[in-house]
S.K.: 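Please see the structure below; I have some questions.
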Amino acid sequence: MIRIVPVTCVCLVATIVLVSLFVVFHDRIVHALQPAVEKIHDLKFGWLIPIAMFFVISFPPLFGHEILAVLCGLVWGAMIGFAITATGTFIGEVANFYTFKHFCQARGDKLQKDSVMYAALCKVIRERGFKVALVARYSAIPGHLTTAIFSVCGMGISTFMLAAVLSLPKQFITVYIGAMLESDPNSSTGSTRKIIADVVGVITLLVTVVAMWYINEAVRKVKPRVIQERQKSRSVPLHAKRRLTTYDFTLQLS
């Protein structure tokens with residue numbers, strides 16, 4: 001528990017700092033990258049490049065999904081931009097899921113044995129997988145980070161893929177904001193874009209608070225069961241060993 005809390009605090013602070021920088025310098029970053037993306041757009045199969053970029057940044061600790069989604073909407077438009085964003089994000093997240101499942105499962109299993117809190121979190125994810133995944137993916141928590149956690153905690157790939165598909169509308173809003181970015185900030189379209197961005201930000205913040213509360217409450221309720229199961233698993237081998245020792249001693253006397 002002592003080791004987990006500092007790491008969680010550091011991740012939370014880092015996330016807040018990155019989100020704050022993204023909000024403050026969002027338009028500057030997008031407009032600075034726009035010429036390069038427009039050159040990619042003019043290529044024959046240029047749309048494959050952002051898909052490949054989404055694939056790469058789907059692996060933590062890389063980030064930049066929102067900026068790239070806005071650029072796709074800005075250069076390719078809302079519909080094509082969303083198709084590119086959805087394809088690249090989905091393929092990258094599935095690859096991320098299998099990568100952590102195959103290469104980090106042993107470390108995850110060890111952490112479950114060492115930490116009661118992590119074991120409780122894994123139990124919640126296995127028992128309430130779809131609800132947890134869907135709520136988490138609509139929150140401000142980076143999707144590729146939750147994907148890594150879901151994979152090593154034992155979530156099924158079908159459950160994860162369903163939650164990933166149903167959370168794609170969140171990506172569409174980001175792409176749509178990018179499609180409206182070319183408008184004059186003083187025009188009605190620019191005002192609408194600002195309103196949409198503000199509303200989405202508030203809703204995302206509320207969903208994040210609800211998601212954290214929901215997961216924490218679920219972990220708190222499951223934790224006593226995890227402790228009880230651990231106590232049983234530790235006591236059974238001991239009783240079996242005692243019975244076996246008594247049986248062997250009886251055989252030797254006879």
Side-chain angles (χ1 to χ4, degrees), residues 1-20 22-23 58 60-61 63 65-66 69 86 89-90 93-94 96-97 100-101 104-105 108-109 111-174 197-230:
M1 181 65 180
I2 297 176
R3 294 179 181 178
I4 294 177
V5 171
V7 174
T8 304
C9 293
V10 169
C11 292
L12 182 60
V13 171
T15 301
I16 293 174
V17 171
L18 291 174
V19 170
S20 301
F22 174 76
V23 171
S58 292
F63 62 94
H65 278 81
E66 289 76 13
T89 300
F90 183 77
E93 293 287 356
V94 171
N96 182 16
F97 185 93
F100 274 85
K101 190 173 185 64
C104 300
Q105 188 64 60
D109 293 341
L111 188 57
Q112 286 190 59
K113 295 178 181 178
D114 296 338
S115 171
V116 175
M117 291 297 294
Y118 184 75
L121 175 62
C122 291
K123 194 172 187 65
V124 169
I125 290 174
R126 287 192 294 268
E127 293 181 350
R128 310 186 188 186
F130 177 72
K131 292 181 181 179
V132 173
L134 189 62
V135 172
R137 292 191 68 84
Y138 270 102
S139 71
I141 305 171
H144 56 319
L145 296 181
T146 58
T147 299
I149 296 173
F150 293 155
S151 64
V152 297
C153 284
M155 179 179 288
I157 182 62
S158 58
T159 301
F160 170 76
M161 291 175 67
L162 180 60
V165 171
L166 292 179
S167 64
L168 287 177
K170 179 183 175 183
Q171 300 284 347
F172 177 76
I173 296 173
T174 307
D198 292 340
V199 171
V200 170
V202 172
I203 293 176
T204 303
L205 178 61
L206 292 175
V207 172
T208 303
V209 173
V210 172
M212 296 301 294
W213 174 84
Y214 175 77
I215 295 173
N216 286 334
E217 281 296 304
V219 170
R220 184 182 63 82
K221 292 178 181 178
V222 165
K223 186 179 176 181
R225 260 200 297 154
V226 173
I227 295 174
Q228 187 177 12
E229 290 174 0
R230 289 191 171 204

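What you see is a predicted model; the values in this text were computed from it and never measured.
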S.K.: Would you say the side-chain atoms of Glu66 and Thr174 include a donor-acceptor pair closer than 3.5 Å?
M.R.: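 Per modelled atom types, Glu66 and Thr174 side chains form no pair under 3.5 Å.
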
S.K.: Closest approach of Met155 and Gly129, non-hydrogen atoms and distance?
M.R.: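 Result for this residue pair: CE-O, 3.3 Å.
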
S.K.: Taking all heavy atoms of Val135 and all of Ala211, pick out the closest pair and write down the distance.
M.R.: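 Shortest heavy-atom contact: CG1-CB, 3.2 Å.
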
S.K.: Could you grab the distance from atom CG of Leu206 to atom OH of Tyr138, nearest 0.5 Å is fine?
M.R.: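 Result: 15.5 Å between the selected atoms.
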
S.K.: For the residue pair Phe160 and Phe97, does the interplanar ring angle fall in the parallel (under 30°), tilted (30 to 60°) or perpendicular (over 60°) class?
M.R.: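 Aromatic pair Phe160/Phe97 classed parallel.
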
S.K.: Taking all non-hydrogen atoms of both residues into account, name the closest pair between Gly108 and Tyr118 and its distance.
M.R.: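 Looking at all heavy atoms of both residues, the shortest contact is O-CE2, 3.5 Å.
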
S.K.: Measure across Ser58 and Asn96 and return the closest heavy-atom pair with its distance rounded to 0.1 Å.
M.R.: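 Distance-wise, the nearest heavy atoms are O-ND2, 3.0 Å.
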
S.K.: Specify the closest pair of heavy atoms between Leu145 and Pro60, including all atoms of both residues, with the distance to one decimal.
M.R.: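 Heavy atoms of Leu145 and Pro60 come nearest at CD2-CB, 3.4 Å.
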
S.K.: How long is the gap from CD1 on Ile203 to CD1 on Ile173, to the nearest 0.5 Å?
M.R.: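 One finds 7.0 Å between CD1 of Ile203 and CD1 of Ile173.
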
S.K.: Look up atom CD in Glu93 and atom OG1 in Thr146, then write down how far apart they are to the nearest 0.5 Å.
M.R.: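 One finds 6.5 Å between CD of Glu93 and OG1 of Thr146.
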
S.K.: What's the separation between atom OG1 in Thr159 and atom CG in Leu134, rounded to the nearest 0.5 Å?
M.R.: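 Output value for this atom pair is 11.5 Å.
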
S.K.: If you measure from SG on Cys153 to CZ on Phe100, what distance do you get to the nearest 0.5 Å?
M.R.: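 Atom-to-atom, Cys153:SG and Phe100:CZ are 12.0 Å apart.
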
S.K.: For atom NZ of Lys170, is the number of surrounding heavy atoms from other residues, nucleotides or ligands below 6.0 Å larger than 12?
M.R.: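 Result for NZ/Lys170: enclosed.
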
S.K.: Taking all heavy atoms of Ala148 and all of Ser151, pick out the closest pair and write down the distance.
M.R.: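 That would be O-OG, 2.8 Å.
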
S.K.: Between Ser167 (side chain) and Ala164 (backbone), is there a donor-acceptor pair under 3.5 Å?
M.R.: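 Checked: pair present.
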
S.K.: Taking the side chain from Thr147 and the backbone from Gly143, do they hold a donor-acceptor pair closer than 3.5 Å?
M.R.: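 Yes, Thr147 side chain to Gly143 backbone: donor-acceptor pair under 3.5 Å.
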
S.K.: Would you give the length of the straight line joining atom CG of Leu121 to atom CZ of Arg126, rounded to the nearest 0.5 angstrom?
M.R.: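 Here the rounded value is 9.5 Å.
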
